[in-house]
Participant: 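Here it is: the structure, laid out below.
Lettering follows sequence order; numbering is per chain, from 1.
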Number of protein chains: 2
Amino acid sequence: MTSANAATQAPRARVERAALELFTSRGFDAVTADEVADAAGISRRTFFRYYPTKADAVWGDFAAHVARLDALLRSAVPGAPVLGTVCTAYADVNDYGPADLPVLRQRMRLILTEPALQAHSQLRYAEIDRVVAEHVARSTGEDPSGLLPRLVAASTRAAATTAFAAWLADDRADLGVQLHRAFDELATGFPSLGD
Amino acid sequence: MTSANAATQAPRARVERAALELFTSRGFDAVTADEVADAAGISRRTFFRYYPTKADAVWGDFAAHVARLDALLRSAVPGAPVLGTVCTAYADVNDYGPADLPVLRQRMRLILTEPALQAHSQLRYAEIDRVVAEHVARSTGEDPSGLLPRLVAASTRAAATTAFAAWLADDRADLGVQLHRAFDELATGFPSLGD
DNA sequence: TTGCCCGCTGGCACTGGGTGCCACTAGGTT
DNA sequence: AACCTAGTGGCACCCAGTGCCAGCGGGCAA
């Protein structure tokens, strides 16, 4: 049983809220794990049982995120254009309700600006890349470790990350729109470059 | 004076050699900074004066690498296609002589496979992305922090990294060829996907 | 009810990366 | 000879992360 019941879910949510607040106000490096644990009302030891590293407290339940992306890609129409499918999956999996957007902004701002979190993100992205590369491999009949699947995975993820950054930089921007703009450029060989 | 004289350059080279050997044979995490320092004949304290982090010992003089890439991009033909310029610059800056290839493989294998180094690499890549985004901004008249420059920087760097991985996976592959293959796919909207 | 087991928690001690501080030394200056 | 400076090493410290063990509470069988 991996899903948490009420008794374990409440503390986790408290920890994540405390972590986001503390990291946002004082910076990731300046906040110790003890402080986050204290603010959440748990011990330091328990904190590191919830999250393997301090950085993971920022990411919430990322494994579920990856699993949803994987499910979306596996349920995609077989013959559909690959990049379109990947873009739609990225957009769907990041289609948060208005109530969740502030927290998402807070989370992404930390991940994209704090060096330690920026570094850590590479490890999370690798999980996404694996799922996308496997989808491309299924669609094209290639090996998931071949150049094309890896290239599509890495560059679409680069596009998604860039879209997130653009979304963050503009308070009124829509995340789905930014994602489509980035993917469109990518899929058509960057027509805006005007070569 | 940032350039090192003979008295400081020799120890640095010894440290990098020792680090590469130890990390390759026993794994990055299993080797302590003390062991690297001992193997190089310096103290732990001096090691951390040479390299701000243990991971940086793997990267050699990366600032010079970025500076060379920047110089190549700034000296590029003004009207030339942007992606082609970036690809050529990537290929030129990574055009090592046959004698240096074994060390390059060792270095890249570590960076691409060791999780801690994979995470750290994001911080180095950010420096590259900045330089590339500025080049795109100069070429198109946009703001370096806009969507297109950042997107081109992130996706070309993704292509380069993927090319490195493909090169690593095949002992007989040529790095320049892999780079061009990846960039060609990227520049033409991934024709191999067959959409 | 009693005794047992089990999952979660917290405390403790330890390793290792990274840093600030200070003392020492070697080489060059006046 | 007194002096400055750059590089080095030792030391103490902070903090992330981990293994180990003790305690605690809740279910469950006898």
Participant: Return the 5'-most residue of the pair B/Phe47, A/Phe47 with respect to DNA chain C, ranking by each residue's nearest nucleotide.
Facilitator: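 Result: A/Phe47.
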Participant: Mind calculating the distance between NE2 (B/His120) and P (C/dG17) to the nearest angstrom?
Facilitator: 14 Å
Participant: Just the rounded figure in Å: distance from P of D/dC11 to CZ of B/Arg44.
Facilitator: 13 Å
Participant: Given C/dG11, D/dG9, C/dT19, identify the nucleotide with an atom nearest to the side chain of A/Arg45.
Facilitator: C/dG11
Participant: Can you check whether B/Phe183 and B/His180 have ring centres sitting under 6.0 Å from each other?
Facilitator: no
Participant: Nearest to the side chain of A/Ser43, heavy atoms from C-beta on, is which of C/dG16, C/dG18, C/dG10?
Facilitator: C/dG10
Participant: Consider the side chain of B/Phe48, meaning its heavy atoms from C-beta on, and name the nucleotide among D/dG17, D/dG10, C/dG18 that approaches it most closely.
Facilitator: C/dG18
Participant: Can you tell me the distance, in whole Å, between the CZ atom of B/Arg49 and the C1' atom of C/dT19?
Facilitator: 10 Å
Participant: Keeping the roles fixed (side chain from A/Lys54, backbone from A/Val36), state whether a donor-acceptor pair exists under 3.5 Å.
Facilitator: no
Participant: Rounding to an integer number of Å, can you tell me how far A/Asp56 CG sits from D/dT18 P?
Facilitator: 10 Å
Participant: Measure CD/A/Glu35 against P/D/dG17 and give the value in whole Å, please.
Facilitator: 15 Å
Participant: Can A/Glu16 and A/Tyr51 be said to form a side chain to side chain donor-acceptor pair (under 3.5 Å), step by step?
Facilitator: CA-CA 10 Å; A/Glu16 283 164 33; A/Tyr51 306 98; 2.7 Å; yes
Participant: Check the distance between C/dT19's P and B/Asp34's CG and give it to me in whole angstrom.
Facilitator: 15 Å
Participant: Could you tell me whether B/Val36 contacts a base, only the sugar-phosphate backbone, or nothing, with contacts defined as non-hydrogen atoms closer than 4.0 Å?
Facilitator: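 No contact.
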Participant: For the side chain of B/Lys54, starting at C-beta, report the closest nucleotide among C/dG16, D/dT18, C/dG18.
Facilitator: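 Nearest listed nucleotide: C/dG18.
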Participant: Grab the CD1-C1' distance between B/Ile42 and D/dG7 for me, whole Å please.
Facilitator: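 One finds 12 Å between C1' of D/dG7 and CD1 of B/Ile42, rounded.
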Participant: Between B/Leu123 and B/Phe164, is there a shared hydrophobic cluster once you connect ILVMFWY residues whose side-chain heavy atoms come closer than 4.5 Å?
Facilitator: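 Unlinked, B/Leu123 and B/Phe164 end up in two clusters.
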Participant: For a 4.5 angstrom cut-off between non-hydrogen side-chain atoms, does A/Phe62 reach A/Glu127?
Facilitator: yes
Participant: OP1 or OP2 of D/dT8 versus the side-chain N and O atoms of B/Tyr50: is any pair under 4.0 Å?
Facilitator: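 Indeed, a polar side-chain atom of B/Tyr50 lies that close.
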Participant: Given D/dG9, is OP1 or OP2 found less than 4.0 Å from the side-chain N or O atoms of B/Thr46?
Facilitator: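 Result: yes.
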